[in-house]
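Following this message is one structure expressed as structure tokens.
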Amino acid sequence: MVPVVLSVFDLCSLFAAYFLTLVFLSPSQQLIWSSDRVWSLAFIAWIPAGLRLMHRSRYRALKMERTASDAVNAIGCHALVFIALMYLTATVGPDWQTLCVFYAISLVMLPAARTIARTLLKIMRSRGRNYSRVVIVGTNDTALRLCDQLCADPGFGYKVLAFFNETPCASPASDLYCGTIDELDSYVRKHKVDEIFCTLPGERQEALRSTIAAADNNTAQYYYVPQLNRYIARGFGINTLGSMPVMHVESPPLTNFSARIAKRTLDLGVSLIASILFPLVFIPVAILIKVSSRGPIFYMQKRTGYMGKPFNCLKFRTMRYDPSDEAPVEKNDPRVTAIGRFLRHSSIDELPQIFNVLMGHMSIVGPRPHMVSHTEYYRPLIDKYMLRHSVKPGITGWAQVNGYRGTTDYLWKMERRVEHDVWYIENWSFMLDLKIIARTMLNILTGDDNAY
């Protein structure tokens, strides 16, 4: 039912884009664009893209940036099929300008429609509707971590009903422990279980056959979860070697040349626009900084950059000037001026870093650069700490929009920040960058309690 509803949203957005295009056309092009033949071909061209989106709609744990990315890919697929159909049927179609207008509108309408639809669906699921009944086979560490992930976001709509194991056990999952695998089939049938996740080791062949049989006999979806270390966060692909499945570690997305070009293009586009508007902010801020305390308007500090190389990070000065003071800022720090407190709370103090982006030292989105002394301090303490320097540091980042910014008075705070930075590097996408930028803009408008 859900894929059908989402498909209706998709079609409505496509029809809206089709009719909106008419507003921008000349009378002659309006006649061509609104003809039954062109309309029919446009609808037929949507079928392959629509079926692909319908298939993707079955996934519950789908990030918003992936939802928007799927919509953009669907628009590209529609364009190719639509143009091919007009050519093959010798249809007198619209000119290229009309097609550009239509697909420009579609690139806004369809991702927006799918994002809104998925958001409404997540709200509905978080309120206990349209949930999937889940059983986990195994009570090991992998099973417990899987349970945490399934329940982490109520919007995914997973409801873990029970744990089963090969033998009776006592574990942290004992509250939901319902028996051995011999009892799994009857439980799945009685409680109408939708999905079974198996976390048993691969050599438990008899147990695995029993869990697969329980899924097949009751039309439940079956998933096998390999027992990987919790610190292995990178994605895996599956190939076959003869009849043997073989897993390979996927390279981080930004090792791809086209991905780096796309990210750099976004950096230059955003920073160029920001640099044009920069004087509107610079003039009043510069006056207020000068009035509030003596010292320069800008403050430069050595930070660790790409591949561990230091660079001068540019900021508006927010503290009383003391070039020898590198102590981290604390909450209610007396060194912060009145205007500096506002600049830090609104993150405007970071705005001059657009020039670091233009010079190639930084990116708009990436791990925040740390002071060189902090890098040397945390390097031996935190696993994968230096991995965060395998991409350019950013003005904003995944850790920052998830609340891990400000002081790191406890080691675990820096560990969480590094975990988010590494996750970003290993799961980068163009849409994820746009999502982080949007959330950063929202934080600037509402203020961030961790910015002080």
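Only this structure's heavy atoms are used, side chains among them; waters, hydrogens and symmetry mates stay out.
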Checking Val101 against Leu20 for the side-chain contact (heavy atoms from CB on, under 4.5 Å) test, could you report, in this order, the C-alpha distance in whole Å, the side-chain angles of both residues, the deciding distance, and whether it holds? CA-CA 9 Å; Val101 171; Leu20 280 173; over 6 Å; no
Please name the residue in the list Val134, Val160, Thr139 that meets the side-chain contact (heavy atoms from CB on, under 4.5 Å) test with Cys147.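 Among Val134, Val160, Thr139, the one that satisfies the side-chain contact (heavy atoms from CB on, under 4.5 Å) with Cys147 is Val160.
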Tyr131: side chain to side chain donor-acceptor pair (under 3.5 Å) partners, not counting sequence neighbours: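 By the side chain to side chain donor-acceptor pair (under 3.5 Å) rule, Tyr131 matches no residue at all.
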With heavy-atom distances below 4.5 Å as the criterion, would you say the side chains of Ile354 and Leu358 are in contact?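 Counting from C-beta outward, Ile354 and Leu358 never come under 4.5 Å.
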Can you confirm whether more than 12 heavy atoms, excluding those of Met386, are under 6.0 Å from its CE atom?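 Atom CE in Met386 is packed in, count exceeds 12.
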Taking side chain as C-beta onward, heavy atoms only, is Trp398 less than 4.5 Å from Lys435?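 Yes - at least one pair of side-chain heavy atoms lies under 4.5 Å apart.
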Check for me whether Arg344 meets the cation-pi criterion with Phe342, that is, NZ or CZ under 6.0 Å from the six-membered ring centre and within 45 degrees of the ring axis.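 No, a cation-pi geometry is absent between Arg344 and Phe342.
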Can you measure from CD1 (Ile105) to CZ (Phe19) and round to the nearest 0.5 angstrom?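 Result: 12.5 Å between the selected atoms.
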May I have the step-by-step check of side-chain contact (heavy atoms from CB on, under 4.5 Å) for Arg133 and Lys159, ending in yes or no? CA-CA 5 Å; Arg133 301 172 184 85; Lys159 185 176 182 179; 5.6 Å; no
Is there a donor-acceptor pair closer than 3.5 Å between any side-chain N or O of Arg335 and the backbone N or O of Met319?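 No, the answer is negative, given that no donor and acceptor are paired below the 3.5 Å cut-off.
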Please tabulate, for side-chain N and O atoms in residues 267-294, each donor-acceptor pair with protein atoms closer than 3.5 Å (sequence neighbours left out).
residue : atom : partner : partner atom : Å
Asp267  : OD1  : Ser363  : OG           : 2.9
Asp267  : OD1  : Ile364  : N            : 3.0
Asp267  : OD2  : Ser363  : OG           : 2.8
Ser271  : OG   : Asp267  : O            : 2.6
Ser271  : OG   : Leu268  : O            : 3.3
Ser275  : OG   : Ser271  : O            : 3.2
Ser275  : OG   : Leu272  : O            : 2.7
Lys290  : NZ   : Gly295  : O            : 2.9
Ser292  : OG   : Leu288  : O            : 3.2
Ser292  : OG   : Ile289  : O            : 2.9
Ser293  : OG   : Arg317  : NH1          : 2.8
Ser293  : OG   : Arg317  : NH2          : 3.4

Pair Phe316 + Tyr299: ring centers closer than 6.0 Å: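 Ring centroids of Phe316 and Tyr299 are no less than 6.0 Å from each other.
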Verify whether one side chain among Thr440 and Asn443 offers a donor that lies under 3.5 Å from an acceptor in the other.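 No donor-acceptor contact under 3.5 Å links the two side chains.
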SG of Cys77 to CG of Asp70: how many Å apart, nearest 0.5 Å?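 CG of Asp70 is found 12.0 Å from SG of Cys77.
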Before giving the answer on side-chain contact (heavy atoms from CB on, under 4.5 Å), spell out for Leu411 and Ile382 the whole-Å C-alpha distance, their side-chain angles and the decisive distance to 0.1 Å. CA-CA 9 Å; Leu411 183 63; Ile382 299 177; 4.0 Å; yes
Pairwise salt bridge (charged side-chain N to carboxylate O under 4.0 Å, His left out) hits with a residue in residues 368-378, at least two apart: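 Listed once each, the pairs are Glu350-Arg368, Glu376-Arg379.
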Can you list everything that forms a ring-ring contact (aromatic ring centres under 6.0 Å, His included) with Phe197? Sequence neighbours excluded, please.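 In terms of ring-ring contact (aromatic ring centres under 6.0 Å, His included), with neighbours along the sequence ignored, Phe197 is linked to Tyr223.
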Distance (rounded to the nearest 0.5 Å) between Ile395 CD1 and Gln400 CD: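 Reported value, rounded in 0.5 Å steps: 11.5 Å.
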Going by distance alone, is a donor N or O of one side chain under 3.5 Å from an acceptor N or O of the other, for Thr199 and Thr142?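 Thr142 and Thr199 do not have a side-chain donor-acceptor pair below 3.5 Å.
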Restricting to ring-ring contact (aromatic ring centres under 6.0 Å, His included), what partner residues turn up for Tyr103, sequence neighbours left out?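 Tyr103 satisfies ring-ring contact (aromatic ring centres under 6.0 Å, His included) with His78 only.
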Please check this pair: side chain of Thr304 against backbone of Thr375, looking for a donor-acceptor N/O pair closer than 3.5 Å.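 Not at all, since once roles are kept as given, no pair shorter than 3.5 Å links the two residues.
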Who passes ring-ring contact (aromatic ring centres under 6.0 Å, His included) against Phe43, sequence neighbours left out?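 Expected list: none.
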Would you find a donor on one side and an acceptor on the other, under 3.5 Å apart, between the side chain of Arg114 and the backbone of Asp10?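 Checked: no pair found.
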For Arg303, what residues pass the salt bridge (charged side-chain N to carboxylate O under 4.0 Å, His left out) criterion, not counting sequence neighbours?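 Residues passing salt bridge (charged side-chain N to carboxylate O under 4.0 Å, His left out) with Arg303: none at all.
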First locate atom CD1 of Ile339, then atom CG of Asp349, and finally report the distance between them rounded to the nearest 0.5 Å.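 CG of Asp349 is found 10.5 Å from CD1 of Ile339.
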All salt bridge (charged side-chain N to carboxylate O under 4.0 Å, His left out) counterparts of Asp153, not counting sequence neighbours: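 Once residues adjacent in sequence are excluded, the partners of Asp153 under the salt bridge (charged side-chain N to carboxylate O under 4.0 Å, His left out) criterion are Lys122.
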Taking all heavy atoms of Ala117 and all of Leu6, pick out the closest pair and write down the distance.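 The answer is CB-CD2, 3.4 Å.
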For Tyr224, give me all partners under side chain to side chain donor-acceptor pair (under 3.5 Å), at least two apart in sequence or on another chain.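 Here no residue qualifies.
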Please identify each residue that fulfils side chain to side chain donor-acceptor pair (under 3.5 Å) with Asn402, with sequence neighbours left out.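 Residues passing side chain to side chain donor-acceptor pair (under 3.5 Å) with Asn402: none at all.
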Which pair of non-hydrogen atoms, one from Ile83 and one from Trp96, has the smallest distance, and what is that distance?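 Distance-wise, the nearest heavy atoms are CD1-CZ3, 3.8 Å.
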Looking only at side-chain N and O atoms, does Arg417 offer a donor or acceptor that is under 3.5 Å from a partner on His370?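 Yes, a side-chain donor-acceptor pair sits under 3.5 Å.
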Test item: His361 side-chain N/O and Val357 main-chain N/O as donor-acceptor pair under 3.5 Å: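 Answer holds: no.
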Do Val137 and Ile196 come close enough that some side-chain heavy atom pair is under 4.5 Å?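 A side-chain contact under 4.5 Å exists here.
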Does Asp433 have any side chain to side chain donor-acceptor pair (under 3.5 Å) partners at least two apart in sequence or in another chain, and if so, which?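 Partners of Asp433 under the side chain to side chain donor-acceptor pair (under 3.5 Å) test: Lys263, Tyr424, Trp428.
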Please work out whether the ring planes of Tyr18 and Trp39 are parallel, tilted or perpendicular, with thresholds of 30° and 60°.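 Rings of Tyr18 and Trp39: perpendicular, over 60°.
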State which residues pass ring-ring contact (aromatic ring centres under 6.0 Å, His included) with Tyr158; sequence neighbours excluded, sorted by chain then number.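 Not a single residue meets the ring-ring contact (aromatic ring centres under 6.0 Å, His included) criterion with Tyr158.
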Got Pro352 and Lys315 here, is their nearest side-chain heavy-atom distance under 4.5 Å?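 No, side chains not in contact.
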Could you go step by step and tell me if Phe311 and Asn356 meet the side-chain contact (heavy atoms from CB on, under 4.5 Å) rule? CA-CA 9 Å; Phe311 73 101; Asn356 285 118; 4.0 Å; yes
Can you find a pair of side-chain heavy atoms, one from Pro154 and one from Arg125, that are under 4.5 Å apart?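 No. Closest side-chain heavy atoms not under 4.5 Å.
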Please confirm whether the backbone N or O of Pro111 pairs with a side-chain atom of Thr115, one donor and one acceptor, at under 3.5 Å?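 Confirmed, Thr115 side chain pairs with Pro111 backbone.
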Give, for atom CG of Asn312 and atom CD of Gln301, the distance between the pair rounded to the nearest 0.5 Å.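 Asn312 CG to Gln301 CD: 10.0 Å, rounded to 0.5 Å.
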Can you tell me how far apart CD1 (Ile425) and NZ (Lys384) are? Round to the nearest 0.5 Å.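 The NZ atom of Lys384 is 10.0 Å from CD1 of Ile425, to the nearest 0.5 Å.
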So does Met441 have more than 12 non-hydrogen atoms from other groups sitting under 6.0 Å from CE?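 Atom CE in Met441 is not crowded, with 12 or fewer foreign heavy atoms closer than 6.0 Å.
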With a 4.5 Å limit on heavy-atom distance, are the side chains of Trp412 and Glu415 in contact?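 Yes - at least one pair of side-chain heavy atoms lies under 4.5 Å apart.
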Is it the case that the side chain of Asp421 and the backbone of Pro367 share a donor-acceptor pair, with hydrogens and angles ignored and the cut-off at 3.5 Å?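 No.
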Looking at every non-hydrogen atom in both residues, tell me the closest pair between Leu110 and Ala71 and how far apart they are.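 Nearest heavy atoms, Leu110 then Ala71: CD2-O, 3.6 Å.
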Any side-chain heavy-atom pair of Tyr385 and Leu381 under 4.5 Å: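 They are not in contact (no side-chain heavy atoms under 4.5 Å apart), so the answer is no.
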State, with a plain yes or no, whether a side-chain heavy atom of Leu266 is found less than 4.5 Å away from one of Ile437.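 They are in contact (side-chain heavy atoms under 4.5 Å apart), so the answer is yes.
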